[in-house]
Amino acid sequence: MALVGLEELRAAQQRIEGVAVRTPLLPAPWAEDGTRRLWLKPESLQPTGAFKLRGAYNRLSALSEAERARGVVAQSSGNHAQAVAYAAQLLGIKAVIVMPDVSPAVKVENTRSFGAEVILVAPGERDTLPQELAERHGYVWVPPYDDPYIIAGQGTVGLEIAEDAPDELDTVLVPVSGGGLISGTAAALKLACPGVRVIGVEPELAADAQASFRAGERLSWSTDLTYRTIADGLRTPSVGVLPFDHIQAYVDDIVTVSEEEIRSTVARLARRGRLVAEPSGAVAPAAYFHRAAELDGRVFAAVVSGGNVDPGLLAELLAA
């Protein structure tokens, strides 16, 4: 499949205008250490609390009238679920969402609040049931990351960083799960400002993307392994086929962070940055705080990909 280009990225930017928020690039002077500076891209401020709205709305708004009439089905641990449900509600499309039964309650409740039908399943069934439902009922499947419209929509994050970044920006940190966000963001940055390095970040306990990147081939981790991490949005067993092509073409490296580093960064972002981030949304800034020796940069931007954290968990992390 062809890689997403600037034409597709610009088209996505036009489609989502007025629906997805053009989030600011926030300076974080409290994170400076004398040699490095950090800017934060708070996708937690989106109407659904995460960047996923960009790709979901771009995909659904491009459906034909006949496809819209069939309804859509999607699978997600929560953020893609909410995004598809919200976009479908805006466009008047029936949405059925398959979610793991271990998804945070706040994400399940929010998805239902946007009018979607939610089906809870064991983690191992999350990625197989949607295709069965599509075949049985005629729904249009809306994948969470392995789709050019999804990648282009998420890539608008990169376009905005390129437009807003200070001239000295040299490194952008992006979380990795299925790969839609880093694929689109890396493509946008490399095409719009090619001197910037793009580094993926994922949990040590779900490091399939780093293993794949270094092996030069897509590798898969079982859900028994990936579901150990607190970062519930980054538990995907492997990156998608099309995202991996983008990662190989545009991403400079992938690093990992520990569970304790993720937890402490959620608290630091809340206390110092006044930003509510879920654990998945905190991994990119966690790399800035804890992996300086591996990053070799001076002026960073980190994507805070989402803020849909369970209130009880947030209280626990703030109290630690």
Are Ile262 and Ile230 close enough, and set up right, to give a side-chain contact (heavy atoms from CB on, under 4.5 Å), and what steps lead you there?
CA-CA 8 Å; Ile262 296 169; Ile230 192 175; 4.1 Å; yes

Taking the side chain from Glu135 and the backbone from Glu132, do they hold a donor-acceptor pair closer than 3.5 Å?
no

Is Ile151 reachable from Val19 through a run of hydrophobic residues whose side-chain heavy atoms are each under 4.5 Å from the next?
no

Here the gap from Gln154 atom CD to Glu43 atom CD, rounded to the nearest 0.5 Å, amounts to 9.0 Å

For the pair Ser183 (side chain) and Pro243 (backbone), establish whether a donor and an acceptor sit closer than 3.5 Å, ignoring hydrogens and angles.
yes

Interatomic distance, Leu25 atom CG to Leu40 atom CG [nearest 0.5 angstrom]:
8.0 Å

Determine yes or no for a side-chain-to-main-chain donor-acceptor pair under 3.5 angstrom, with Thr185 supplying the side chain and Ile182 the backbone.
no

Are Asp245 and Leu3 close enough, and set up right, to give a side-chain contact (heavy atoms from CB on, under 4.5 Å), and what steps lead you there?
CA-CA 7 Å; Asp245 289 343; Leu3 301 182; 3.8 Å; yes

Those residues that, when tested against Pro144, pass side chain to side chain contact (heavy atoms under 4.5 Å, CB included) (two or more places apart)
Lys52, Gln75, His80

Sequence neighbours excluded - salt bridge (charged side-chain N to carboxylate O under 4.0 Å, His left out) pairs with any residue from residues 103-120
Lys94-Glu117, Lys107-Asp232, Lys107-Glu278

Give the cluster check for Val102 versus Val121: same hydrophobic cluster or not, with ILVMFWY residues linked at side-chain heavy-atom distances below 4.5 Å.
no

Closest non-hydrogen contact found for Ser280 with Pro175 is O-CB, 4.1 Å

Any chance you could measure Met99, atom CE, to Leu120, atom CG, to the nearest 0.5 Å?
7.0 Å

With sequence neighbours left out, write down each residue that passes salt bridge (charged side-chain N to carboxylate O under 4.0 Å, His left out) with Asp164, or none if nothing qualifies.
Arg22

Using modelled atom types only, decide if a donor and an acceptor are shared between the side chain of Thr226 and the backbone of Arg235 within a distance under 3.5 Å.
yes

For a quick test of reading the model, state the closest non-hydrogen atom pair linking Ala282 to Thr265 and the distance between them.
O-CG2, 3.5 Å

Are Val140 and Leu63 packed together at the side-chain level, in the sense that at least one heavy-atom pair is separated by less than 4.5 angstrom?
yes

Taking C-beta and beyond as the side chain, do Thr156 and Leu9 meet within less than 4.5 Å on heavy atoms?
no

Testing the basics here: between Ser76 and Ser103, what is the closest heavy-atom pair and its distance to 0.1 Å?
O-OG, 4.4 Å

Who pairs with Glu202 by side chain to side chain donor-acceptor pair (under 3.5 Å), at least two apart in sequence or on another chain?
none

Least distance between heavy atoms, Val172 atom then Leu169 atom:
CG2-CD2, 3.9 Å

Donor-acceptor contact present, side-chain Ser264 to main-chain Glu260, <3.5 Å
yes

Keeping to residues at least two apart or across chains, list the side chain to side chain donor-acceptor pair (under 3.5 Å) pairs with something in residues 168-179.
Arg37-Glu168, Ser177-Thr236

In the structure I gave you, are the side-chain heavy atoms of Pro203 and Thr256 within less than 4.5 Å of one another anywhere?
no

Test: ring pair (Phe, Tyr, Trp, His ring centres under 6.0 Å). Region: residues 299-320. Which pairs qualify, not counting sequence neighbours?
Tyr288-Phe300

With sequence neighbours left out, write down each residue that passes side chain to side chain contact (heavy atoms under 4.5 Å, CB included) with Ala20, or none if nothing qualifies.
Ile16, Gln46, Leu53, Arg54

Side-chain touch Tyr227/Leu205, heavy atoms, less than 4.5 angstrom:
no

Check whether any side-chain N or O of Arg68 sits under 3.5 Å from a backbone N or O of Ser61 as a donor-acceptor pair, and report yes or no.
yes

At their closest point, which heavy atom of Pro285 faces which heavy atom of Val303, and how far apart are they?
CD-O, 4.1 Å

Say whether Ile199 and Val176 are linked into one hydrophobic cluster, either directly or through other cluster members, by side-chain heavy-atom distances under 4.5 angstrom.
no

Does the cation-pi check pass for Arg268 over Phe289, that is, NZ or CZ under 6.0 Å from the six-membered ring centre and within 45° of its axis?
yes

So does Arg10 pair up with Glu163, basic N to acidic O under 4.0 Å?
yes

Side-chain heavy-atom pair Leu189, Ile161 within 4.5 angstrom cut-off
yes

Residue pair Ser77 / Asn79, side-chain donor-acceptor N/O under 3.5 Å:
no

In short, Ala277 meets Val304 closest at the heavy-atom pair CB-CG1, 3.8 Å

For residues 72-84, which residue pairs qualify under salt bridge (charged side-chain N to carboxylate O under 4.0 Å, His left out), counting only residues two or more places apart or in two chains?
none

For the hydrophobic clusters of this structure (ILVMFWY residues joined by side-chain heavy atoms under 4.5 Å, transitively), does one cluster hold both Leu60 and Phe114?
yes

Is it possible for you to say whether Val4 and Val196 belong to one hydrophobic cluster, with membership spreading through side-chain heavy-atom contacts below 4.5 Å?
no

Checking Val266 against Val309 for the side-chain contact (heavy atoms from CB on, under 4.5 Å) test, could you report, in this order, the C-alpha distance in whole Å, the side-chain angles of both residues, the deciding distance, and whether it holds?
CA-CA 10 Å; Val266 170; Val309 59; 5.5 Å; no

If you count the non-hydrogen atoms of other residues, nucleotides and ligands that lie under 6.0 Å from CG in Asp296, is the total more than 12?
no

Qualifying salt bridge (charged side-chain N to carboxylate O under 4.0 Å, His left out) pairs, either residue in residues 147-156, two or more places apart
Arg59-Asp147

Please name all residues satisfying salt bridge (charged side-chain N to carboxylate O under 4.0 Å, His left out) with Arg263, sequence neighbours left out, ordered by chain then number.
Glu316

Does any part of the side chain of Asn308, heavy atoms only, come nearer than 4.5 Å to the side chain of Pro104, both counted from C-beta?
no

Got a sec, which residues hit salt bridge (charged side-chain N to carboxylate O under 4.0 Å, His left out) with Arg298, two or more places apart in sequence or on another chain?
none

Does Arg15 use its side chain to pair, donor to acceptor, with the backbone of Tyr57 at less than 3.5 Å?
no

Using a 3.5 Å distance criterion without hydrogens, assess whether the side chain of Ser238 forms a donor-acceptor pair with backbone atoms of Ser220.
no

Spatial distance of atom CZ (Arg70) from atom OG (Ser64) [nearest 0.5 Å]
8.0 Å

Whether Arg291 side chain and Val257 backbone form a donor-acceptor pair below 3.5 Å
no

Within this structure, what is the CG-CG distance for the pair Leu173 and Leu295, rounded to the nearest 0.5 Å?
5.5 Å

Spacing of Leu234 atom CG and Asp208 atom CG [to the nearest 0.5 Å]
9.5 Å

Distance-only, no hydrogens or angles: does the Asp252 side chain make a donor-acceptor pair with backbone N or O of Val198 under 3.5 Å?
yes

Which residues share a side chain to side chain contact (heavy atoms under 4.5 Å, CB included) with Glu217, sequence neighbours left out:
Ala215, Leu219

Apply the test side-chain contact (heavy atoms from CB on, under 4.5 Å) to residues Val72 and Val96: give CA-CA distance (whole Å), side-chain angles for both, the deciding distance (0.1 Å), then the verdict.
CA-CA 6 Å; Val72 298; Val96 177; over 6 Å; no

